[in-house]
Structure formats: C-alpha cells, structure tokens
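This report concerns only the one structure given below.
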Amino acid sequence: MTERAAATSTQRRTPNRWQVGRLVERRVETPTAQTLVLEVPDWPGHLPGQHVDLRLTAPDGYQAARSYSLAGPAVDGPGGPRVEVTVQRVHDGEVSPYLIDVFGAGDPVEVRGPLGGWFIWRPEETAPVQLVAGGSGVVPLMAMIRARRAVGSKAPFRLIYSVRTPGDVIYADELRRRVRDDFGLDVAYVYTREAPEGWRGEPHRIGLADVNTHGWPPDLEPLTYVCGPTAFVETVADLLVGLGHPSRRVKTERFGPTG
C-alpha cells in the first residue's frame, strides 16, 4: 500500500473521472493489512505500479480521499472489471480504519484512476528487474510480480523485502508459492526487529550487503523499483547508485503515514 493525501475541494477535472466501485471481496494479509477487491464497471485498465484514489463521503458532506497502489492486474467479474488494493491500517487515520473495520460487502466507494505514469513496469520489457520493498511498499511491486506471471514474461525478477517481523510480511503465502512456481523469480527478506527461526544473521536495517548480495549487478542494466517509507527509499536508492546503477534506471515511490 502506498497512501497519499489527496485534495478534494479544489481538484480539477481530469480524464480519470470519479466512478463508483463496490466491495466484493476482502482478504486478511496481516493483523494490520487487508486486500480489498472492488468491482468497478467502467474500469479502463491499468499498468502494474499505478495507483487509484479512493474517496469517502460522510452524511454531512465531508469528504476524505487517499491514494492506494493497485495490487495486481484487473480481472473480469460478473458485474464488470475487478481491481485490488491492499490497505495498511494507519493509527489515527481517517480512511484506512474505516476501510478495514467498517466497509462491508456491497458498500460503495468512489474510485478514480488509474493514476501515475512513472513508477510502472511494462510487460513488454525484457530487462532484469529488481524490486526493493519496505513494509507495505511491497504492494505495487507485487502488482508487477503478478503481471509478470499473467502475461508469461520471461524477464527475471528479484525482490528484496524488508519487514519488521515475519508476521508483517504481506502476501506471505503467495510469495512462497510464486518462488516455487514462477520460474525466474527470487525473493529475499531483511528483518529489522525479529527474524524467523533458522534465519541467518541478526535483525538489521537494509544495507549494502543485502542489496549487493540479493540484487542484480549493475552491468546487467536491470530496471529497479524501490517503494517504502521516505528514509528507506532514500537509503536504498543511494546504495544502488553507489554500486553503479544509473539513477535513471532506479525508480522510486515514497509514502507517508496519512491514513
């Protein structure tokens, strides 16, 4: 999940108009994160890495909107296309607690998107891809992993995923299956507070050794996508450039605590 505050009172009209989506499915990913499947009848399609704005309106007319990364390709449903977002609860947030605790099956939410044209992976790309995620920053990167499988891409992927504890791994079961079944996909974890039994090393913040060991070398000219909290993204981007990766091939997406 990447979540950004969105202005609603003075927003200009854009080609991505607001439309109504409805909740058709919910999946618990971790104690604080859930995936919401929304049926959006007029969805125009999207690329992995793009995001949507979701807007809620209170009975008194007050509106709150947040941006969430799309978690995978759209799929067809009986009432139209379905898209997924993964929402991480933000303490004292306005939108994420409602979406996780109150938003029920069939309930409407306004949706606008897809948005974003920089932090995207195009399925026709053949270059190696390295993905570096911090916490819920894995969401748009998982969209790329899922899109790779959906189109049958042979581009080799490597994901380095930094989380606090094993219980904080979003999509844990699916990632295990994909490492087993998706040829050319490798996943490595960095645990910052608590590591699983049998894991080599001590919990630590991501560093040069992690990126150098589990990422692609710069001479292969990989496409790199880094997503997570601002400090995490800046640290990883500096490490990658220091290793010789051209900054133009290191795309970053930051998110903050707005909820």
Side-chain angles (χ1 to χ4, degrees), residues 1-4 15-16 21 25 27 29 33-40 43-54 66-77 80-88 111-161 169-172 174-175 177-179 181-187 215-216 221-228 233 236-237 240 248-255:
M1 180 275 292
T2 57
E3 190 172 359
R4 317 163 190 81
N16 291 295
E25 184 183 344
R27 297 194 300 272
E29 304 291 355
Q34 295 184 11
T35 292
L36 309 179
V37 182
L38 306 174
E39 194 166 74
V40 187
W43 187 250
H46 64 273
L47 291 169
Q50 291 188 296
H51 62 276
V52 293
D53 289 342
L54 300 184
R66 299 291 184 269
S67 294
Y68 293 93
S69 294
L70 291 152
V75 298
D76 291 331
R82 295 181 174 187
V83 298
E84 297 185 7
V85 296
T86 300
V87 178
Q88 178 87 51
V111 181
R112 186 179 62 176
L115 303 170
W118 164 249
F119 194 80
I120 57 173
W121 177 70
R122 298 184 182 276
E124 62 268 23
E125 292 280 2
T126 59
V129 174
Q130 57 185 357
L131 312 169
V132 189
S136 56
V138 74
V139 178
L141 309 185
M142 191 63 173
M144 298 176 190
I145 291 172
R146 288 169 168 168
R148 173 185 183 270
R149 175 61 182 266
V151 301
S153 170
K154 303 301 182 184
F157 270 43
R158 290 183 176 178
L159 167 66
I160 307 173
Y161 189 4
V169 176
I170 300 174
Y171 317 124
E174 182 179 354
L175 283 171
R177 292 196 306 271
R178 288 191 178 277
V179 168
D181 299 336
D182 291 11
F183 180 77
L185 170 66
D186 294 312
V187 179
W216 294 109
E221 299 185 344
L223 294 169
T224 301
Y225 301 85
V226 186
C227 186
V233 169
V236 172
L240 289 164
R248 60 183 173 79
R249 293 183 73 82
V250 179
K251 298 187 177 185
T252 60
E253 178 90 327
R254 300 164 174 82
F255 66 83

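Nearest heavy atoms, W43 versus L70: CZ2-CD1, 4.0 Å. Of all heavy-atom pairs between P140 and C227, the closest is CG-SG, 3.8 Å.
Ion pairing between R146 and E84 holds under the 4.0 Å rule for side-chain N and carboxylate O.
Here L175 contributes atom CG and I170 contributes atom CD1; the two are 10.0 Å apart, rounded to the nearest 0.5 Å. Between the CG atom of D186 and the CD1 atom of I160 there is a distance of 10.5 Å, given to the nearest 0.5 Å. E174 contributes atom CD, which lies 3.5 Å from atom CE of M142 (distance to the nearest 0.5 angstrom). Atoms CZ and CD, on R249 and Q130 in that order, are 10.0 Å from each other to the nearest 0.5 Å.
Between the side chain of R82 and the main chain of V75, no donor-acceptor pair closer than 3.5 Å is present. Formation of a donor-acceptor pair under 3.5 Å by the H46 side chain with backbone atoms of L115 is not found in this model. Proximity of a side-chain donor or acceptor of W216 to a complementary backbone N or O of E221 within less than 3.5 Å is not detected. Between the side chain of Y225 and the backbone N or O of I120, at least one donor-acceptor pair lies under 3.5 Å.
Under the side chain to side chain donor-acceptor pair (under 3.5 Å) criterion, R149 pairs with D182, sequence neighbours left out. By the side chain to side chain donor-acceptor pair (under 3.5 Å) test, T252 is found to be paired with R254, residues two or more places apart in sequence or in another chain being considered.
Within the 4.5 Å cutoff, the side chain of L54 has heavy atoms near those of the V111 side chain. Counting heavy atoms from C-beta on, the side chains of V40 and V52 never come closer than 4.5 Å. Inter-residue side-chain proximity for L141 and F119 is flagged as met; some heavy-atom pair is nearer than 4.5 Å. At a threshold of 4.5 Å between non-hydrogen side-chain atoms, the residues Q88 and E29 do not count as touching. Taking 4.5 Å as the limit, some side-chain heavy atom of L47 sits within range of a side-chain heavy atom of R122. Between V187 and I145 there is no side-chain heavy-atom pair separated by less than 4.5 Å. In this structure, the side chains of S136 and V87 stay at 4.5 Å or more apart for every pair of heavy atoms. Looking only at side-chain heavy atoms (C-beta outward), Y171 and T35 come within less than 4.5 Å of each other.
If you run side-chain contact (heavy atoms from CB on, under 4.5 Å) between V250 and each of V132, T224, L223, only T224 comes through.
Annotation for D76: atom CG does not count as buried by contact number, only 12 or fewer foreign heavy atoms lying within 6.0 Å.
Pairs engaging residues 134-158 under the ring pair (Phe, Tyr, Trp, His ring centres under 6.0 Å) rule: W121-F157 [sequence neighbours left out].
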**Message:** Checking R27 against V37 for the side-chain contact (heavy atoms from CB on, under 4.5 Å) test, could you report, in this order, the C-alpha distance in whole Å, the side-chain angles of both residues, the deciding distance, and whether it holds?
**Reply:** CA-CA 8 Å; R27 297 194 300 272; V37 182; 3.8 Å; yes
